Asks: 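What follows is a single structure, and I will ask about it in a moment.
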Amino acid sequence: MAEKNSDFEPNIVAFLCNWCSYAGADLAGTSRIQYPSNVRVIRVMCSGRVNPLFVMNALQQGADGVLISGCHPGDCHYMQGNYYARRRFMLMRNFLEYLGVEPERVRMSWVSASEGAKWKEVIEEVVSGVKSVGPMNKFQRRQLNW
Amino acid sequence: MVDVEKLREIAREVVSREDVRQLIGYRQGTYGFRARPAFITSPEEVDQLIFSPACVNNLATYLTLEERLPVPRGQEPDLRKVAVMVKGCDSRALVQQMEEKAYERDRIVVLGIPCTGVVDMDKVEKRFPNVLSRGEIALEGDKFVLSFDGKREEVPKEELLADKCKRCRYPTPLVYDQLLDEEVSRFADDDYADVLALEKRSAEEKWAYWEEKFSRCIRCYSCRNVCPMCYCEDCVLDRLNPQWMRRSVDISETTAYHIARAYHLAGRCIQCGECQRVCPVEIPLMELNRKFYKDVEELYDYEPGTDAEAPPLLATFKVDDREDFIL
Amino acid sequence: MNGKPKIGVYVCHCGTNIAGVVNVEEVVQFASTLPDVVVARNYSYMCSDPGQALITDDIQNYGLNRVVVASCSPRMHEPTFRKTLLSGGLNPYFLEMANIREQCSWVHEDPIAATEKAKRIVEAAVVKARRLEALDVKEVDVEPACLIIGAGIAGIQAALDIADAGFKVYLVEKSPTVGGHMAQLDKTFPTLDCSACILTPKMVDVANHSNIELMTYSQVEEISGYIGNFQVKVRKKSRFVDMEKCTGCGACAEVCRMAGRIPNEFDEGIGMRGAIYLPFPQAVPAKYTIDKENCLFLSKGKCGESPKCKEACQAEAINFDLQDEIVEFKVGTIIVATGYDVFDARKKPEYAYGVYDNVLTALEFERLVNASGPTGGKIVMLERGKKKKKKEGEEVEPPKVPKSITFIQCVGSRDKSVGNEYCSRVCCMYTAKLAHLAKDKIPDCEVTIFYMDVRAFGKGFEEFYDRVRREGVRYIRGNPSEIFKRGDKLVVKAEDTLTATPLEHETDMVVLSVGLVPRSDNREIIDLLKLSQSSDLFYLEAHPKLRPVDTASDGVFLAGVCQGPKDIPDAVAQAKGAASAAMIPMASGKVKVEAQTSVVNEATCRGCGFCVAVCPFTAIELVEVNRNGWPVKVARVNEALCKGCGACAAACLSGSIQQRSFKDIQILPQIQALGVK
Amino acid sequence: MAVKKLNKDKVKEALQELTKFRLIAPAKSDEVVVFKQISDPEEAFLDYGNSTVPPKKVVFPQTETLFRFQRGNPELREKNVEEEGTTVIFGLRPCDARAMSIVDNLFSWDYEDPYYLKRRELTTLVGMGCVNPPSVNCFCTSVGGEPCGTENLDILLIDLGEGYLVRELTEKGKKLAETIGSFLEDAPGGSEAKAEELSGSAKEAVSRSIDTSGIEAKLPTLWESPLWKEVSAACLGCGICTYLCPTCHCFDIQDEVEGAEGRRCRMWDSCMFRAHTLHASGPNPRPARKERTRNRINHKYSYFPGKFGVIACVGCGRCINLCPVNIDILEILGKVVEA
Ligand SMILES: Cc1cc2nc3c(=O)[nH]c(=O)nc-3n(C[C@H](O)[C@H](O)[C@H](O)COP(=O)(O)OP(=O)(O)OC[C@H]3O[C@@H](n4cnc5c(N)ncnc54)[C@H](O)[C@@H]3O)c2cc1C
Ligand SMILES: Cc1cc2nc3c(=O)[nH]c(=O)nc-3n(C[C@H](O)[C@H](O)[C@H](O)COP(=O)(O)OP(=O)(O)OC[C@H]3O[C@@H](n4cnc5c(N)ncnc54)[C@H](O)[C@@H]3O)c2cc1C
Ligand code: SF4
Ligand code: SF4
Ligand code: SF4
Ligand code: SF4
Ligand code: SF4
Ligand code: SF4
């Protein structure tokens, strides 16, 4: 069983679309809403840009969890990108679960530009979910131990 | 059963055609019960052709594996048609290849074989090890009849049948120009029992299960090379820049390889089982493919390789696709 | 060329906004150890003039070719720093921003954690910056002309606005006259203006405006190109009447051997016309048209001894040899205003439309109450399919006047059984209007309305609805289940859902308030312009709230009911919106095209077309190229259409299509930098 | 040297003793036999035909870190093979052992490869004669080997039924035998004769063969022969035939970098891969399957013997058994002979 000690601070890589979720995260900032510092963001123009293999790559690189966030259905700046993302991640998440990667580690959310508060909730949810399953070392790349 | 004489007759006619470059079929293998691909370019070679339950290869692979060497200046590329023999499952590869615009329908001539099932050569070899003479396998009723070294053995069909055949929904080819036999109706449906059983296990058990398998993988990429759907000019899994996964063989990179390969086949894999068949270290690749296959069918009511006009699964969506996993 | 990276990193204090939590010095120190970083600095306000000068100076002194600014959100100051790079002589796309304010110092209190996170964010920006490439910022010229498809009220209004602003308009209408559905209406709710009175002046204006080239009885056949430069091909169908010569006198129509024998579409088939006709007296242009399918001469090659119309035309306008004409022109923008069809009431067989003569659609009823309609505005019982041509000297019984008229609302709207979940938005009100008109014309007529809900949401609507009820129109809440005939009465079977009583209501005439549905020929336009449809199958706007007149394709706008059911004021408002939206690029003369577009590596593309299928902007097509002597298909991006979403890049299995500034080789190092614990 | 006997009931104990070294033995992973390091004698699976993956990976790992490096630090940290410790490969087949001696040529030729050679030096080979009928595609006797051959082995075990005859063949072997001396007993009289008889009949049982005598000279004359196209038409270029060949030794060197650190790795490569000879500038001197297949055969049966005097094939039959499309090296060689 993975170690689940309480001071485990997970490292979460998040892919946010520029128009909704990144703006929502910015709004959380402008509103000074405090949330855990575990999430590190990569901005893309649209959640449709996120290749599900990025998730695999992040987990290999040492991330304990991955979050993909985009506009709510119907709100995509490019109309359809989030729908593609939804399909891709549904399948990828199921598949990783099938291999034994806990679903808590691969999350997806819809956060709009006005949902600074929701962003915080999402982060808290993701962080606590990842904490509950402990560090991801299943297929992390071997440290080079210099 | 396909009448071999009839097959040869049709094949002779096809290879004699001006507009056909070659016919890809099966011929006797070099030892044991093996059959292997045959590439026929002239009517004289047609008598090599066979069809039997030993003809396991999915020949659709050769349509996309075709080598297109630089055409010397002043010469024209040979764009004549290629004729290919396909079983039911193999025909789905053609459909999917066409969905993905690998070629136009009029580039190929399809000889469809309504398939009553092929053997799993591993099961055969386990049962009859070290058969050197060129043995033969035929299906008679519900028994496979194996003749070798002057002997004749009967085995219930069930015992030697390839697993993929046990759940084949399309034994009669979905696309063909000529059908070589009467249509065959589906044998059985897929109950995904193996996938469901694995799904139910704990994360730790699943990981341990796959780790054991993946740690055997020698990353020869044979499973990719043989796949009729894997025909990128330059596979991303091989690429150095960017390098999605390293060439070094360890559990991390190998797991990454298996995730990437299976994901790249999501909504595209047509269940021919070739990847698993060729794997020298017997990694149950079909259990990976079938997880996607099952999810894709359940979630999106989509079955790859059944409709050449369908939009590619991951290049389309429905507004009401499931999203209960989204926060 | 991009050259070996030399990166400058600038960490902003933002007063205490960043520096109050993040240890800026430490971040700078860390940044200076990152690969290819030649200078790392901090400053109180990077966006200030002296802050920006730091960057431009360093570009000079250190020969920087990449810049990382760690400060606020790129959504805030990316444009600012892009300009800084430009003024420092660097391509603006050599900038990468690290958001350490909105997504770090403002949301974390713990200085250690925040500083740690800031370092990671900066590292990710640096590793991405190493891979950044110069991008072209391109502009295209915009042809100062607009194509408007459809000349209903929406198309007309948009055309007039644009033409008045001084731009050229090509207004293409499929039918022989402009006006669309509004021309068929009698009065309009809620103010009861006469439709013709307010519409016909505009119809005439459209025909006469010097900036408008009106093409009626015409069809767009081909559109290629992109915003600023659309190439359009229109087929002007032959009317077999010379438009120059026809005076609109109508002598021809009177003598036509088919006169009175063909249902007039404009009258919804309750009035008749001949093979040569004018849809209605105020039609614009007021030129006659020969309908080739019904003309004896054109369809059978023989019309009596000789075509009567030709003999009758003094202006010698009739010419059976006239051919379709193809015109081609270039426009900068396009407005689609193709309107709607009404729901086909036959799809609700329980209402027996098409079975009983006096079950009408509301649009038929509009023609019946209309003074210029087939009955001159008299509401009478219909005898459909009967020969209208009276024999010489025969006394015709005057048609009966209904004593009871019953309306049924929501026919084909809010009805999943016919696949239309939506509300058509106009039926409640036009029903009230028509009920009022019925009462007005036949004061002793009993008028009943079956409804599900009354949605009187617009300006003056509730007041109007209230007025109609007070006039004695009876509203029964219930959805009729069947209409049948008992003697010469129609019986509407329903349940009053307010009192839960089943009832059978006898009436002379039933009017079905049919909903608005997408035109049956929508596909033509979809194929021409690659428009998307929403789930109700009307054309899809780019954003339901904020870009309701735009489409996914730049330079293509929507107006009127083609985008979704609406009444005339809304159709006009949207038309005016579409007109001004279309004029923005025309007025500026240039449009910027997205620089962060996608690009295909043709050497590795396998031509599968996944990207083509994914692209919401139809920016990609497969083209044939020569690869080592072999013809192969590969994807090609039209950069003027690509909006830079990157969906294609994630769909491509071979990694052959990549979005500039967001390429795999740029994102993967970011993942690596952020993944490390 | 001495001839002893290891009774089957003592095998586990002997193996347990050997786990104080890095003990590599055949083991089952599902139904596949692989050589792997074992820590528990129960893991060993000695009743096997031949392993799918040859033990060459023990001395020539599929991925081997040569050294590590760090940004801003000129020092390179080299791999110290010594740290791996003394290794025993227990139960390998004579053909696979012979294969190692063939590969040795390559790694000790003009350049002496320290990693490989060091590992070879640290490794003791305990072979197991092929007295059960060899597999259908074995042809070791055609290429200079035999089912109970001793070449390159330190110890050879021959299964006599109730126990193994232990032949110490080298000093190294003798030393190893001493470590497990307490589990050995003197071979009873007649054991040797029985072993000889078993070896002889095993040799008889090798059913496939080819006369290799003229092949080295013949191959260069067949460069343009249409036979290459014919025999390679079905090839998938998967490389199974080379990856799993005990004598194939192609490798590639790649740097793997992570952040500021990296390592230089050597990894298996295959001449059957399309990219094997692909030049960065685009052209490929072996553009098609036919050139690649031709190279594989020429390398084994012409270039290698030309340079080192030994055919680079031990007749283990893996490439025939495992080729997904039944490309059969004996069939190809047969055509070469006939041509
Ligand atoms: C029975 C009824 C009563 C109504 N009463 C009222 C009312 O009282 N008040 C009110 O505000 N609204 C009323 N409406 C709604 C009103 O009719 C619409 O809001 C209005 O007509 C919409 O105008 P439009 O220009 O969008 O579409 P349309 O009027 O449908 O015009 C579209 C035009 O485009 C043309 N066209 C279509 N396709 C092509 C093509 N491919 N190429 C070229 N031309 C093409 C058509 O021929 C047509 O002329 C009523 C609707 C109905 C059905
Ligand atoms: C509870 C509620 C929920 C809603 N939910 C939705 C919804 O989900 N979706 C939706 O589409 N719509 C919704 N709406 C409607 C939506 O709010 C309005 O359609 C929209 O905000 C209208 O924008 P506006 O610019 O016209 O007016 P406003 O938002 O009122 O803006 C007018 C601005 O003008 C300023 N102003 C006023 N007078 C002067 C003056 N004399 N000088 C200078 N400035 C002046 C005001 O201060 C104000 O900033 C909702 C409305 C309410 C009340
Ligand atoms: S064929 Fe088997 S060993 Fe080869 S890469 Fe595939 S899974 Fe791995
Ligand atoms: S993944 Fe395997 S089963 Fe699926 S199409 Fe490819 S080879 Fe066939
Ligand atoms: S980036 Fe988006 S808009 Fe551009 S080509 Fe790709 S999918 Fe189309
Ligand atoms: S998805 Fe990729 S491989 Fe397929 S056509 Fe597009 S760019 Fe080419
Ligand atoms: S194993 Fe067979 S298919 Fe694979 S490369 Fe070798 S010869 Fe070709
Ligand atoms: S070439 Fe084939 S038979 Fe010879 S050693 Fe290699 S794998 Fe064995």
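None of these values were measured; they are calculated from a predicted model. Residue numbers begin at 1 in each chain, while the letters A, B, ... track the order of the sequences.
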Asks: For Asp75(A), which atoms come within 4.5 Å of any heavy atom of chain C: side chain, backbone, both, or neither?
Replies: both
Asks: Testing Arg660(C), Lys663(C), Lys128(C) for salt bridge (Lys or Arg N to Asp or Glu O under 4.0 Å) with Glu133(C), which one passes?
Replies: Lys663(C)
Asks: So which pairs with a foot in residues 23-112 of chain A pass disulfide bond (SG atoms under 2.5 Å apart), sequence neighbours left out?
Replies: Cys20(A)-Cys71(A)
Asks: Against chain C, label Val13(A) side chain, backbone, both or neither, depending on which of its atoms sit under 4.5 Å from a heavy atom there.
Replies: side chain
Asks: Taking side chain as everything from C-beta outward and backbone as N, CA, C, O, which of these in Trp119(A) sits under 4.5 Å from a heavy atom of chain C? Side chain, backbone, both or neither.
Replies: neither
Asks: Looking only at the side chains, is there a donor atom on one of Thr604(C) and Ser656(C) sitting less than 3.5 Å from an acceptor on the other?
Replies: yes
Asks: May I ask you to name which of Ile12(A), Leu53(A), Val44(A), Val66(A) has the most heavy-atom pairs under 4.5 Å with chain C?
Replies: Val44(A)
Asks: Any salt bridge between Glu123(C) and Lys119(C), counting N to O under 4.0 Å?
Replies: no
Asks: Looking at Ala85(A), Ala25(A), Ala58(A), which makes the most heavy-atom pairs under 4.5 Å with chain C?
Replies: Ala25(A)
Asks: Considering only heavy atoms, which portion of Pro36(A) lies under 4.5 Å from any heavy atom of chain C: side chain, backbone, both, or neither?
Replies: backbone
Asks: In terms of heavy-atom proximity below 4.5 Å to chain A, should Ala649(C) be classed as side chain, backbone, both, or neither?
Replies: both
Asks: I need the residue from Asn38(A), Leu27(A), Asn51(A) with the largest number of non-hydrogen atom pairs under 4.5 Å to chain C.
Replies: Asn51(A)
Asks: Would you call the rings of Phe15(A) and Phe54(A) parallel, tilted or perpendicular, where under 30° means parallel and over 60° means perpendicular?
Replies: parallel
Asks: Non-hydrogen atoms of chain C under 4.5 Å away: do they reach the side chain of Val39(A), the backbone, both or neither?
Replies: backbone
Asks: Is Ala651(C) in contact with chain A via its backbone, its side chain, both, or neither, using a 4.5 Å heavy-atom distance?
Replies: both
Asks: Go through Leu59(A), Asn18(A), Ile42(A), Asp26(A) and name the one with the most non-hydrogen pairs under 4.5 angstrom from chain C.
Replies: Asp26(A)
Asks: Please determine if Lys643(C) forms a cation-pi arrangement with Phe617(C), meaning its NZ or CZ atom is less than 6.0 Å from the six-membered ring centre and no more than 45° off the ring axis.
Replies: yes
Asks: Given heavy-atom pairs under 4.5 angstrom as the criterion, report whether the side chain, backbone, both or neither of Tyr84(A) touches chain C.
Replies: side chain
Asks: In terms of heavy-atom proximity below 4.5 Å to chain A, should Glu116(C) be classed as side chain, backbone, both, or neither?
Replies: neither
Asks: Do the side chain of Asn99(C) and the main chain of Glu102(C) share a donor and acceptor less than 3.5 angstrom apart?
Replies: yes
Asks: Strictly below 4.0 Å, N to O, side chains only: are Glu541(C) and Arg547(C) in salt-bridge contact?
Replies: no
Asks: Which residues pass the ring pair (Phe, Tyr, Trp, His ring centres under 6.0 Å) test with Phe662(C), sequence neighbours left out?
Replies: none
Asks: Please verify the inter-ring angle class for Phe538(C) with Tyr422(C); under 30° counts as parallel, over 60° as perpendicular, anything in between as tilted.
Replies: perpendicular
Asks: Side chain, backbone, both or neither: which part of Ala23(A) has a heavy atom under 4.5 Å from chain C?
Replies: both
Asks: If I measure from the heavy atoms of chain A, does Gln658(C) come under 4.5 Å with its side chain, its backbone, both, or neither?
Replies: side chain
Asks: What part of Asn17(C) gets within 4.5 angstrom of chain A, counting heavy atoms only: side chain, backbone, both, or neither?
Replies: side chain
Asks: Among Ala647(C), Cys652(C), Cys645(C), Cys104(C), which residue has the highest count of heavy-atom pairs closer than 4.5 Å to chain A?
Replies: Cys645(C)
Asks: Tell me, side chain or backbone of Arg88(A) under 4.5 Å from chain C's heavy atoms, or both, or neither?
Replies: side chain
Asks: Give a yes/no verdict on a cation-pi contact between Lys120(A) and Tyr35(A), requiring under 6.0 Å between NZ or CZ and the six-membered ring centre and an angle within 45° of the axis.
Replies: no
Asks: With a 4.5 angstrom heavy-atom cut-off, could you sort out which part of Tyr22(A) is near chain C: side chain, backbone, both or neither?
Replies: both
Asks: Can you tell me which portion of Lys117(C) sits under 4.5 Å from chain A's heavy atoms? Options are side chain, backbone, both or neither.
Replies: side chain
Asks: Could you give the distance from CZ (Arg93(A)) to CD (Glu104(A)), rounded to the nearest 0.5 Å?
Replies: 7.5 Å
